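Shown next, in structure tokens, is the structure this report addresses.
As the structure is a prediction and not an experimental result, all values here were calculated from the model.
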Amino acid sequence: MRRLNRKKTLSLVKELDAFPKVPDSYVETSASGGTVSLIAFTTMALLTIMEFSVYQDTWMKYEYEVDKDFSSKLRINIDITVAMKCQYVGADVLDLAETMVASADGLSYEPAVFDLSPQQREWQRMLQLVQSRLQEEHSLQDVIFKSAFKSAATALPPREDDPSLTPDACRIHGHLYVNKVAGNFHITVGKYVLFTS
């Protein structure tokens with residue numbers, strides 16, 4: 001009984017074909033068809049060999065250098081708009097060495113309008129659209145476009161609407177020099193208070 005079931009199963013598997021065969025009476029061989037087939041197979045073989053060789057030859061080179069200068073500082077550039085009036089906002093940096101960098105040194109507090117103008121809003125919408133497309137697509141043309149996009153100017157256009165709008169925000173911009181250790185940049189309600197003992 002089992003042998004019969006095995007034979008039936010084997011014959012079913014042998015007859016099963018996802019690509020139905022064309023009867024020999026429908027097939028006509030020609031020199032041009034054979035030439036096209038040879039060219040196609042040769043091209044596929046060359047492409048396969050070339051892809052394999054590129055795969056084997058690709059390598060990554062990592063280079064690093066230890067920073068031996070402990071005493072120098074890092075410059076951090078900042079340009080942030082906070083939706084509060086400047087008199088109520090303070091900014092500082094506190095690093096792991098518990099050294100506080102006073103914000104008065106390199107930061108400027110400038111009253112600003114928080115909402116974007118129509119032209120700035122359109123620029124932001126376009127920038128978000130381009131960046132979302134670049135995250136979704138991974139083909140060669142998108143990589144080329146991404147490199148061209150990175151080299152293009154991406155700065156926010158200047159405000160073109162009525163300058164008589166009352167400022168409802170604070171633009172904090174400038175630079176800070178910090179130690180080469182981990183730390184946190186804080187924007188807080190109220191100005192920083194520096195305690196010394």
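Of the inter-residue distances, the one linking Ser72 atom OG with Tyr177 atom OH reads 11.5 Å to the nearest 0.5 angstrom. Here Trp123 contributes atom CH2 and Leu116 contributes atom CG; the two are 8.5 Å apart, rounded to the nearest 0.5 Å. Once rounded to the nearest 0.5 Å, the distance linking CG of Leu176 with CG of Leu74 reads 11.5 Å.
For Phe41, the side chain to side chain contact (heavy atoms under 4.5 Å, CB included) test picks out Ser37, Met44, with sequence neighbours left out. Residues meeting the side chain to side chain contact (heavy atoms under 4.5 Å, CB included) test with Leu46, sequence neighbours left out: Thr42. Evaluation of the salt bridge (Lys or Arg N to Asp or Glu O under 4.0 Å) rule for Lys85 yields no partner, not counting sequence neighbours. Shown here are the side chain to side chain contact (heavy atoms under 4.5 Å, CB included) partners of Thr43, two or more places apart in sequence or in another chain: Ile39, Leu47. With sequence neighbours left out, Gln119 forms a side chain to side chain donor-acceptor pair (under 3.5 Å) with no residue at all. For Asp69, the salt bridge (Lys or Arg N to Asp or Glu O under 4.0 Å) criterion is met by no residue, not counting sequence neighbours. Partners of Pro167 under the side chain to side chain contact (heavy atoms under 4.5 Å, CB included) rule, at least two apart in sequence or in another chain, are Pro111.
Counting only heavy atoms from C-beta outward, the side chains of Leu94 and Asn184 never approach each other to under 4.5 Å. Residues Lys73 and Val178 have side chains not in contact (no heavy-atom distance under 4.5 Å, counting atoms from C-beta outward). For the pair Ile187 and Ile172, the minimum side-chain heavy-atom distance is below 4.5 Å.
No single ILVMFWY cluster, assembled from side-chain heavy atoms under 4.5 Å apart, contains both Ile49 and Leu38.
Of all the heavy atoms in Ala91 and Tyr109, the pair that sits closest is N-OH, 3.1 Å. The minimum heavy-atom distance linking Ala169 with Phe114 is given by the pair CB-CB, 3.6 Å. Gly33 and Ser30 make their closest contact through N-OG, 3.2 Å (heavy atoms, listed as atom of the first residue, atom of the second, distance).
Residue Glu51 places its CD atom among 12 or fewer non-hydrogen atoms of other residues, nucleotides or ligands, all under 6.0 Å distant.
The salt bridge (charged side-chain N to carboxylate O under 4.0 Å, His left out) pairs that include a residue from residues 173-188 are Asp67-Lys180, where partners are two or more places apart or lie in different chains.
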Donor-acceptor pairs under 3.5 Å, side chain of residues 76-84 to any protein atom, not counting sequence neighbours: which ones?
| unit_1 | atom_1 | unit_2 | atom_2 | d |
| --- | --- | --- | --- | --- |
| Asn77 | OD1 | Arg75 | NE | 2.9 |
| Asn77 | OD1 | Arg75 | NH2 | 3.4 |
| Asp79 | OD1 | Arg171 | NE | 2.9 |
| Asp79 | OD2 | Arg171 | NH2 | 2.9 |

